[in-house]
There are 2 protein chains.
Amino acid sequence: MIKVLIVDDHHLFAEGVKSMFRPEDDIEITHHTINGNEVPHLLSKHEIDVILMDVSMPILNGIETMILLKNEGHDTPILMLTMHQSIKQVKGALRKGAQGYILKDASKAELKQAIELVNKRENYFHPKISNQVFDYFRGKNSLVSELDTLSEREIEIIKYIAEGCNSKAIAESLFISEHTVKTHRRNIMHKLHVKTSAELIKLAIDKDII
Amino acid sequence: MIKVLIVDDHHLFAEGVKSMFRPEDDIEITHHTINGNEVPHLLSKHEIDVILMDVSMPILNGIETMILLKNEGHDTPILMLTMHQSIKQVKGALRKGAQGYILKDASKAELKQAIELVNKRENYFHPKISNQVFDYFRGKNSLVSELDTLSEREIEIIKYIAEGCNSKAIAESLFISEHTVKTHRRNIMHKLHVKTSAELIKLAIDKDII
DNA sequence: TTCAGAATACCACTTTCGCGGTATTGGGTG
DNA sequence: CACCCAATACCGCGAAAGTGGTATTCTGAA
């Protein structure tokens, strides 16, 4: 019996998955939390084989939770769960040691297979994203893969733009020159192949950059 | 036994909810589709008491599906399901005759209660949004409720802005004057209290306007 | 039928953006 | 050590956005 911990802020989803598995599936959802901070505690107290974790959560997101776990020495295999097909998330998850990646529009059979593979410390990638992943590791610079060439500073700038700040306001907030901000903006727009800041924000949200 | 049809493009969620209900709950998920266009057909062929429908779906969204159903003379009670707490969606759903509204982070108990109420043609509102709804019907013009004062044309303009079009390009696409587009943009920014088009797009996406 | 609001259109003005360069510094890697 | 790249900074220009006001037409609701 594979014991699974679900980390997801959508109760209905978590409860649904929990009721989905029968004893004959050899998979059991033993625990559930909506807060990434509670995961280390749960892992210490209970016997857990696989963590099924949503990427986007309000308190601590999936990637942050993974970093927390690695820092505390936990190595329970993690299957990441997401709504979107963002290569940035996939890459981030893999970098931090996620064992697999599955979309929320997968079927029960796919989820079962994914949990079983991850439990054996093998990798699982949902078919919808596997092509992107392969392309990425082949070094193909597709449109999507260029997203994660953004630096931390650039992402910071994007967040300010999304809040309606102009270059001058951003410069004052970050204690840098307005010229610098403009250079960052130009680099960002160029990297993401967008023509306006509005389009930039849409892309950034679609790809979970911000 | 309340027979429920789920309309949702997230298989895992739908399968999860399906397995969640036991015979003793007196609720059964009898059908599932990811395409709103198939709903009329399913309603004609099978006995269905309640429709549990996601608001945002790729092919035909929740509101559009509801309009389709009403036009074809169906009056099966509908419980709308969403990730976000958007007063615009709530209002749109109520206008078109939805019986209730529930968030995806609700619990099983809440969903059960919601389905039971909707089946009796009573209304159900998830606690997290009920206050907003009450405020709205009290006529309180909160910040949020101003979102749905946007006209169809204005929303159309926003979508073009999000694609990176400038005013001239939008004007050419819609066969109107660039002056008109600029007026629309000004009205939109004023209504939503945003200073830049980038902030506008973020807000529009956050509130599911586009 | 009157009246509000949506969609359309125009003028004028200031500010900001987007784009073309170029260049220095500092941190990390082979 | 040499090299790369991110972050920083500056100049200038044309295009677009953002802001102000005004006005006509049309539809739908009171």
Side-chain angles (χ1 to χ4, degrees), chain A residues 88 91-92 95 139 141 145-204 209, chain B residues 67 88 91-92 94-96 136-137 139 141 145-204 209-210:
Chain A
K88 180 179 160 47
K91 190 191 165 197
R95 280 258 175 99
N141 270 21
S145 75
E146 297 190 49
L147 292 175
D148 52 351
T149 63
L150 287 175
S151 69
E152 288 305 309
R153 194 57 151 179
E154 286 167 343
I155 291 171
E156 203 175 358
I157 302 275
I158 296 176
K159 288 178 181 169
Y160 279 94
I161 296 173
E163 284 172 16
C165 299
N166 60 26
S167 297
K168 190 185 172 190
I170 298 173
E172 284 166 1
S173 296
L174 297 178
F175 304 104
I176 57 178
S177 156
E178 190 179 338
H179 297 294
T180 308
V181 176
K182 289 193 173 193
T183 303
H184 281 309
R185 292 182 79 133
R186 196 184 343 172
N187 293 339
I188 292 165
M189 313 264 294
H190 183 251
K191 281 183 183 177
L192 302 189
H193 303 125
V194 292
K195 300 176 295 301
T196 65
S197 54
E199 187 185 3
L200 160 67
I201 297 306
K202 171 155 171 60
L203 186 70
I209 295 174
Chain B
I67 296 171
K88 178 177 161 49
K91 190 190 165 196
L94 293 177
R95 278 261 173 97
K96 303 303 174 195
Y136 178 77
F137 281 106
N141 270 18
S145 76
E146 297 189 49
L147 291 176
D148 54 348
T149 62
L150 286 175
S151 69
E152 287 305 309
R153 196 57 152 179
E154 286 167 341
I155 291 170
E156 204 174 358
I157 302 275
I158 294 175
K159 288 177 181 169
Y160 278 95
I161 295 173
E163 284 172 14
C165 298
N166 60 25
S167 297
K168 191 183 171 191
I170 299 173
E172 284 166 2
S173 295
L174 297 178
F175 303 104
I176 56 180
S177 157
E178 191 180 338
H179 297 292
T180 309
V181 175
K182 289 194 173 192
T183 304
H184 281 309
R185 292 182 77 135
R186 194 183 347 175
N187 293 338
I188 292 166
M189 313 264 293
H190 183 251
K191 281 183 182 178
L192 302 189
H193 304 124
V194 292
K195 300 175 296 301
T196 66
S197 54
E199 187 185 3
L200 160 67
I201 296 306
K202 173 158 170 58
L203 186 70
I209 294 173
I210 56 173

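What you see below is based on every heavy atom in this structure, not just the backbone, and it leaves out hydrogens, waters and symmetry mates. Keep in mind the model is a prediction, meaning the values are calculated, not measured. The sequence lines fix the lettering, A, B, ..., with proteins before strands; numbering per chain opens at 1.
Distance CG (A/Leu192) to P (C/dC19): 13 Å, rounded to an integer number of Å. Distance, A/Glu154 CD to D/dC5 C1': 11 Å, rounded to whole Å. Taking atom CG of B/Asn166 as the reference point, atom P of C/dC17 lies 16 Å away to the nearest angstrom. Residue B/Ile170 contributes atom CD1, which lies 12 Å from atom P of C/dT8 at whole-angstrom precision. Nucleotide D/dT8 holds its C1' atom 17 Å from the CD atom of A/Glu152, rounded to whole Å. Remark: P of C/dA6 and CD1 of B/Ile188 are 12 Å apart, rounded to the nearest angstrom. D/dG20 atom C1' lies 14 Å from atom CE of B/Met189, rounded to whole Å. Straight-line distance from the NE2 atom of B/His184 to the P atom of C/dT8: 4 Å, rounded to whole Å.
Here the CD1-CG distance, from A/Ile157 to A/Leu174, works out to 5.5 Å after rounding to the nearest 0.5 Å.
For the salt bridge (Lys or Arg N to Asp or Glu O under 4.0 Å) criterion with A/Glu154, the lone passing option out of A/Lys159, A/Lys191, A/Arg185 is A/Lys191.
When each of A/Lys182 and B/Asn187 is assigned the nucleotide of DNA chain C bearing its nearest heavy atom, the one mapping closer to the 5' terminus is B/Asn187.
B/Lys168 comes within 4.0 angstrom of nothing in the nucleic acid, heavy atoms only.
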Audit row: A/Asn187, A/Arg153, side chain to side chain contact (heavy atoms under 4.5 Å, CB included) steps and yes/no: CA-CA 11 Å; A/Asn187 293 339; A/Arg153 194 57 151 179; over 6 Å; no
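Distances shown here put every side-chain N or O of B/Arg186 at or beyond 4.0 Å from the OP1 or OP2 atom of D/dG20. An OP1 or OP2 oxygen of D/dT8 is reached within less than 4.0 angstrom by no side-chain nitrogen or oxygen of A/His179. A close approach under 4.0 Å does occur between a side-chain nitrogen or oxygen of B/Ser167 and OP1 or OP2 of D/dA17. Between A/Thr180 and D/dA9 there is a side-chain polar atom (N or O) within less than 4.0 angstrom of OP1 or OP2. Under 4.0 angstrom from either OP1 or OP2 of C/dC10 there lies at least one side-chain N or O belonging to B/Ser177.
Counting non-hydrogen atoms of other residues, nucleotides and ligands closer than 6.0 Å to NZ of A/Lys195 gives a total above 12.
Here the nucleotide nearest the side chain of A/Thr183, chosen from C/dA9, D/dT8, C/dC17, is D/dT8.
Note on B/Lys202 versus B/Glu199: no salt bridge recorded, every NZ/NE/NH1/NH2 to OD/OE distance being 4.0 Å or above.
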